[in-house]
Every structure is written in structure tokens, then in C-alpha cells.
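None of these values were measured; they are calculated from a predicted model.
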Amino acid sequence: MLRFLKKLFGDDNEREIKRLMKYVEAINAFEPDIQRLSDNSLAAKTLVFKERLEAGETLEDILPEVFAVVREASRRVLGMRHFDEQLLGGLTLHGGNIAEMRTGEGKTLVATLPVYLNALSGKGVHVVTVNDYLAKRDSEWMGRVYQYLGLSVGLIVHGLDFNQRKMAYSADVTYGTNNEFGFDYLRDNMVIHPDQMVQRPLNYAIVDEVDSILVDEARTPLIISGPGEKSTELYFILSKVVPKLKETEDYTVDEKAHTVAPTESGIAKAEKLLNVKNLYESENMEMSHHFNQALKAHALMKRDRDYVVKDGEVIIVDEFTGRLMFGRRYSDGLHQAIEAKEGVKIERESQTLASITFQNYFRMYSKLSGMTGTAKTEEEEFRKIYGLDVIVIPTHMPVVREDLPDVIYKNKQAKYKAVIKDIVERYAKGQPVLVGTTSIVQSEELSDLLKKQGVPHNVLNAKYHEKEAQIIAQAGQRGAVTIATNMAGRGTDIVLGEGVSAIGGLHIVGTERHESRRIDNQLRGWRKMSLLNIALSLVRLNRLRKRLKPAILTFGNTYWNMMMS
């Protein structure tokens with residue numbers, strides 16, 4: 001009945017696409033006249049549009065002609081003409097919604113349409129990306145279109161001084177990362193005089209990889225802190241005590257709840273080693289707190305999974321994107337406990353001077369929109385928290401990807417053996433392979449196995465954070481083998497090398513299910529007109545089929561079919 005009603009009346013997404021197609025037709029109607037304009041006449045359209053706005057027209061009034069101008073400017077400057085589906089994406093963004101567009105559909109180019117239109121108001125437009133590389137790349141690449149049409153372009157990255165930031169924010173279009181925008185807002189709210197502020201009122205933002213920033217990192221606080229007064233000596237002392245305790249006997253670990261608790265014997269041992277009578281007496285409260293944090297640092301926090309040690313610093317790894325979270329620290333002394341564990345310099349605990357979450361920061365923009373390849377699964381959260389609807393934009397060409405069902409293995413060794421065998425066979429015929437993993441440890445284990453097989457490959461994880469875009473961009477070349485940790489939000493297209501399509505396209509192997517189905521979809525969707533295969537999970541069902549009772553087998557099949565639906 002539900003399918004019948006949907007077919008009869010159409011769903012909300014179909015109705016919205018149908019409504020937007022009327023705008024697309026109007027934009028296309030302007031194209032012949034716009035194409036006949038000289039370069040000077042085309043660039044002069046910016047002044048004409050601004051005058052029309054000052055005369056009382058709205059952005060919606062001039063939208064069809066504006067989009068046609070941007071499309072023609074892009075064709076002349078970049079050699080790229082927006083196709084109709086990209087116009088739909090631009091209309092969705094201008095409407096203050098989220099455009100879900102498959103990987104490879106050209107979201108970066110799509111953003112030029114609403115960015116230029118909204119920048120005509122003179123209030124500034126922020127384009128938010130997930131790292132400095134993408135911010136710089138897009139500001140230079142797409143910035144050519146805006147500059148051709150007479151608009152100024154700014155870039156906010158790490159290391160700019162006050163004057164450089166002030167100038168970048170005064171531009172018509174400003175590119176930057178979510179971290180930089182958020183921290184600049186905090187610093188602006190700590191100044192004494194308004195002329196010491198760098199940002200203008202928050203007008204309009206387009207957030208790239210919007211699900212990563214507004215969902216995964218939404219409640220992550222940005223914190224500006226000052227030095228505290230507590231000594232770091234206790235961390236050194238406890239870092240020598242805790243390793244002498246034994247798991248199960250002296251403490252218990254609950255990985256699922258992410259907790260660790262000392263047993264009575266563990267407390268007794270700690271008291272003896274610390275030379276205290278009662279660890280939990282009021283005068284020892286600080287020591288007992290540090291003891292618990294040191295225990296957590298040793299038993300729960302894993303190097304190259306939760307954090308990495310780089311240049312003598314402990315840097316947190318984002319559990320969703322696999323990126324290094326520079327400048328962020330665990331609270332309540334946990335970060336110092338990890339530093340003591342790793343034998344690096346222990347920074348003093350700090351006191352918070354200013355703080356804001358990404359969720360609260362981005363809700364302050366007068367208009368907000370975003371784009372990603374995977375947002376529909378989080379639509380309810382976007383709508384409730386940000387008032388954003390998700391519009392799924394149809395692909396320009398039919399998807400030729402082949403999705404295979406999960407393959408289940410008895411244990412990790414069997415899984416790795418099958419994965420390596422698959423990679424070796426495909427590498428032998430030149431087919432590029434992208435292997436998705438959920439942790440740094442897992443990616444390095446696979447890397448070691450590939451080295452033994454003599455297969456050259458690249459590894460992309462938080463240890464090689466600065467190389468991520470360059471590594472991913474080459475993953476579709478003939479014979480390329482790439483191991484990547486956590487695919488969400490990488491933001492770089494994989495273009496297939498010459499002759500790759502003829503041998504099956506890019507082959508993708510997901511070695512394990514992620515906590516979020518959306519991240520699995522991100523990995524699955526990372527292709528550009530390629531044939532894609534997915535081989536996932538933990539236990540090989542076919543080998544166990546004869547050993548399993550029919551009832552258990554039926555349950556197993558039903559469960560995995562449900563997971564794949």
C-alpha cells in the first residue's frame with residue numbers, strides 16, 4: 001500500500017525536484033543570450049545584479065540569470081559547464097538545505113552557483129571545508145570564477161596574523177575550515193574593542209561534508225584555554241604504578257562502555273606502591289582521580305587508534321574521519337595521563353577561557369546549507385537541530401557500480417588471508433584497489449601482509465594526515481593499491497586511470513563494518529564511473545553453513561539481509 005501511494009502521489013523529494021526543475025528551465029532559457037556576451041560584458045553583470053538588488057529586487061528575482069552567468073563564467077574560465085543536476089544542487093543550497101549528491105557529481109563546482117548569488121548582497125559568504133588543503137585548493141580553483149566576475153576571495157588557514165584574517169573575512173567569498181571559523185569566533189568574543197574583531201556578522205555558510213561537521217563533530221567543543229596551576233608530578237608517579245597492575249586481577253575493562261574499574265586487590269596494590277593508607281580518603285581525592293585516569297590511559301586508550309604520537313606530542317585521532325585533531329586535548333587529566341604513559345612532555349592542565357560547539361556556532365548563521373554524498377540517514381537530526389531538509393539530487397549518469405553482499409569469515413586471520421589474496425589477484429592484472437579499514441592498527445597489519453607479498457601500496461591514516469588528498473587522488477590509477485582508514489569526509493575524487501574501466505574499474509574492499517552505516521556508504525560510494533565490489537565482515541558464512549543448525553542459519557541470513565537493506 002505504501003509503495004502504491006508513493007507511486008501515485010510521489011514522495012517529498014520527487015516533488016521538490018519537480019519544483020526546482022522549473023528554475024532549471026528558466027536558467028537554461030537564459031543560456032543562449034549569456035553565451036553571446038563578450039568577456040567584459042559577462043563580468044559587468046555583477047555590477048548590474050548589485051544595482052538590481054539595491055533597486056528592490058530579491059535574490060530569487062535574479063536567480064535564473066545569475067546561475068546562467070556563473071555557468072557561462074565557469075565554462076570560459078575552468079572549461080566546466082554545470083549540467084542540470086548540478087543546477088538542482090545549487091538551487092538546493094541556495095534554499096538553505098542539504099544537497100546529497102553522489103561522489104564524483106561535482107559538489108565543489110555546484111557551490112559556485114549559490115556562493116556567487118549570495119555574495120552579491122555584500123554580506124559575505126563562508127565556504128567551510130574539512131581541512132586546510134581543500135580550503136586552499138577550492139579557493140584557488142573555484143576562486144578563478146568569482147574573480148573573473150569581479151568578486152574578491154579570501155582564505156582562512158592556520159598561521160595567519162590578525163591583518164591577514166581581517167582581510168580574508170572582508171572578502172566577498174571566504175574559504176576555510178570549520179576549526180578556523182569557530183576559533184576566530186571565540187577570539188572575537190574575547191576582545192575589548194570591536195575593531196579588534198576579524199569576523200563580520202555571520203551571514204551565509206555552505207558546509208562541505210556537512211554530515212561529518214554537523215553530525216559527527218557537532219557536539220565537539222572548541223576550547224580556548226589558559227594555563228592552570230596544577231603540578232604534573234603526579235602523572236609521572238602514576239604512570240610508573242599502573243603498568244604494574246594486571247588486567248582482570250587488579251582491574252576490569254569494559255570496552256563497550258569504555259570504562260575501566262580497579263578491583264579491591266588492585267586498589268590495595270596501588271596504595272602500597274603509592275605509600276598511602278587509604279586512596280579514597282578526602283585528602284587523597286586528587287590522587288585517586290589521577291589514578292583512575294592513568295588506569296584509563298593504559299587500559300583503554302590505544303596508540304595509533306585513539307591517538308598518535310607525533311613530534312613529541314599526543315594528538316587525538318577523530319574516531320569518525322580518522323583525521324588528526326590538532327589543538328584538542330582530552331579533559332580531566334586524561335591527556336596528561338596519556339602523555340606520561342608515552343613518555344613525552346606533560347603539558348600543564350588548563351582552564352577554559354572560551355568554548356563553543358560546532359552545533360551552536362553554525363546555528364548562528366542567518367542562512368546555512370551543506371553538501372555531502374551521505375546525509376539522508378541523518379535527515380531527522382538535520383531537520384530537528386538545524387532546520388535543514390535533505391534533498392537527494394539525481395545523478396547525471398546512471399550508476400554502474402556493482403554492490404556485492406557481505407562475506408563473513410570465521411576469524412580475523414581468515415579474513416585477512418582472503419583480503420590479501422583478492423588484492424594480489426587484482427594487482428596482477430593492473431586493477432586499482434582501495435581497501436577501507438576502521439583503525440590505524442588494522443591498516444598497518446594489512447600493509448605488513450602486503451609487503452610480504454611484494455605488493456607496492458600507499459597507506460592513508462592519521463599518521464599520514466597531510467598526504468591524504470594526494471594519496472586518494474591517485475587511488476584510481478592502474479595498478480594502484482591504497483589502504484585507507486575511515487573514509488568519511490575525505491573530500492577528494494578518485495579519477496580512474498587510462499584503461500582501468502576495461503579491467504573492472506576501481507575495486508573497493510571494506511574490511512569491517514563501521515559504527516555508522518553512513519560511513520560504510522561513504523566508502524561504498526567512493527568511485528567515479530567505476531565497478532565497485534564490497535567484501536565486508538568478520539566470519540565466513542559459507543564455510544560454517546554445514547555446521548550451523550537450520551534455525552541459526554535462517555536467523556543469520558535474515559539478520560545480514562536486514563543489515564544490508
Side-chain angles (χ1 to χ4, degrees), residues 43 46-47 49-50 53-54 59 93 108 111-112 114-208 213-214 217 220-226 325-328 352-370:
T46 297
L47 183 58
F49 291 142
K50 288 184 176 181
L53 290 173
E54 289 175 4
L59 294 179
L93 294 176
T108 305
T112 58
V115 165
Y116 174 78
L117 174 61
N118 286 270
L120 293 171
S121 67
K123 298 177 182 178
V125 175
H126 294 172
V127 184
V128 186
T129 65
V130 291
N131 60 44
D132 284 349
Y133 169 82
L134 292 175
K136 186 174 187 295
R137 183 200 70 177
D138 294 352
S139 68
E140 294 173 353
W141 186 19
M142 298 297 124
R144 293 164 57 195
V145 175
Y146 309 128
Q147 289 163 347
Y148 174 87
L149 292 170
L151 297 184
S152 57
V153 181
L155 173 64
I156 298 292
V157 290
H158 184 69
L160 300 183
D161 60 27
F162 172 81
N163 291 327
Q164 290 171 322
R165 287 181 183 274
K166 184 91 170 178
M167 185 175 296
Y169 280 115
S170 66
D172 296 307
V173 181
T174 306
Y175 283 83
T177 65
N178 49 322
N179 287 335
E180 292 297 324
F181 285 125
F183 278 122
D184 281 338
Y185 172 81
L186 290 179
R187 283 188 284 265
D188 277 356
N189 279 271
M190 295 172 65
V191 302
I192 299 172
H193 300 292
D195 58 2
Q196 295 174 318
M197 299 172 68
V198 294
Q199 289 186 344
R200 293 189 281 171
L202 303 177
N203 175 44
Y204 175 45
I206 296 179
V207 182
D208 193 11
I213 294 173
L214 296 190
E217 299 186 47
T220 300
L222 294 174
I223 299 172
I224 292 180
S225 56
M325 303 169 75
F326 292 98
R328 298 190 193 175
T352 300
L353 302 178
S355 176
I356 192 170
T357 62
F358 286 124
Q359 183 180 101
N360 289 334
Y361 171 72
F362 283 106
R363 287 171 65 183
M364 289 189 291
Y365 279 85
S366 298
K367 184 165 74 172
L368 180 66
S369 64

Margin query: Donor-acceptor check, side chain of Ser152 to backbone of Asp172, threshold 3.5 angstrom: yes or no?
Written below: yes
Margin query: Whether the side chain of Thr174 engages the backbone of Gly154 through a donor-acceptor N/O pair (distance < 3.5 Å, no angle test) should be reported.
Written below: no
Notebook entry, point to check: Side chain of Gln196, backbone of His193: donor and acceptor closer than 3.5 Å?
Noted result: yes
Check: Minimum heavy-atom separation for Ser139 to Val153, with atom names?
Finding: O-CG1, 3.9 Å
Margin query: Ignoring hydrogens, what is the shortest heavy-atom contact between Val191 and Met197? Give both atom names and the distance.
Written below: CG2-CG, 3.6 Å
Check: Of Asn118, Leu117, Thr112, which is the lone residue that meets side chain to side chain contact (heavy atoms under 4.5 Å, CB included) with Pro114?
Finding: Asn118
Note to self: Between Asn179 and Arg328, is the side-chain contact (heavy atoms from CB on, under 4.5 Å) condition met? List the steps.
What the structure shows: CA-CA 10 Å; Asn179 287 335; Arg328 298 190 193 175; 2.8 Å; yes
Check: Would you call Lys136-Glu140 a salt bridge at under 4.0 Å N-O?
Finding: yes
Checklist line | Short side-chain to backbone donor-acceptor contact, Arg200 and Tyr169, under 3.5 Å | finding: yes
Notebook entry, point to check: Which heavy atom of Leu222 sits nearest a heavy atom of Leu186, and at what distance?
Noted result: O-CD1, 3.4 Å
Checklist line | Heavy-atom side-chain contact between Thr108 and Arg137 under 4.5 Å | finding: yes
Next item on the list: Report the distance from atom CE of Met167 to atom CZ of Phe162, rounding to the nearest 0.5 Å.
Entry: 11.0 Å
Notebook entry, point to check: According to the interplanar angle, ranging from 0 to 90°, do the rings of Phe49 and Tyr116 count as parallel (below 30°), tilted (30 to 60°) or perpendicular (above 60°)?
Noted result: perpendicular
Next item on the list: Identify the two heavy atoms, one from Ile156 and one from Ala168, that lie closest to each other, and give their separation to 0.1 Å.
Entry: CD1-CB, 3.4 Å
Check: Are any of the side-chain heavy atoms of Leu202 and His126 separated by less than 4.5 Å?
Finding: yes
Note to self: Measuring from atom CD1 of Ile224 to atom CD1 of Ile356, what distance do you get when rounded to the nearest 0.5 angstrom?
What the structure shows: 10.5 Å
Item checked: Rounded distance (nearest 0.5 Å) linking atom CG of Asp184 with atom CZ of Arg187 -> 4.5 Å
Next item on the list: Supply the atom-to-atom distance Asn178 CG to Asp208 CG, rounded to the nearest 0.5 angstrom.
Entry: 10.5 Å
Margin query: For a quick test of reading the model, state the closest non-hydrogen atom pair linking Leu93 to Ala111 and the distance between them.
Written below: CD1-CA, 4.2 Å
Next item on the list: Mind checking the CZ-CG spacing from Phe183 to Asp188? Nearest 0.5 Å is all I need.
Entry: 13.5 Å
Checklist line | Any donor-acceptor pair under 3.5 Å from Lys367 side chain to Ala205 backbone | finding: no
Margin query: Just by distance, no angles: are the side chains of Ser366 and Asn203 close enough, under 3.5 Å, to form a donor-acceptor pair?
Written below: no
Next item on the list: Please list, chain by chain and in numerical order, all residues satisfying side-chain contact (heavy atoms from CB on, under 4.5 Å) with Leu47, sequence neighbours excluded.
Entry: Glu51
Next item on the list: Report yes or no: does Thr46 contribute a side-chain atom to a donor-acceptor pair with the main-chain N or O of Leu149 at less than 3.5 Å?
Entry: yes
Next item on the list: Using a cut-off of 6.0 Å, state whether more than 12 heavy atoms not belonging to Met190 lie near its atom CE.
Entry: yes
Checklist line | For Phe358 against Glu217, the heavy-atom pair lying closest together | finding: CD1-O, 3.2 Å
Checklist line | Atom pair OG1/CD1 of Thr129 and Ile213 - distance to nearest 0.5 Å | finding: 7.0 Å
Margin query: Checking Tyr361 now: which residues fulfil ring-ring contact (aromatic ring centres under 6.0 Å, His included) with it, not counting sequence neighbours?
Written below: Tyr185, Tyr365
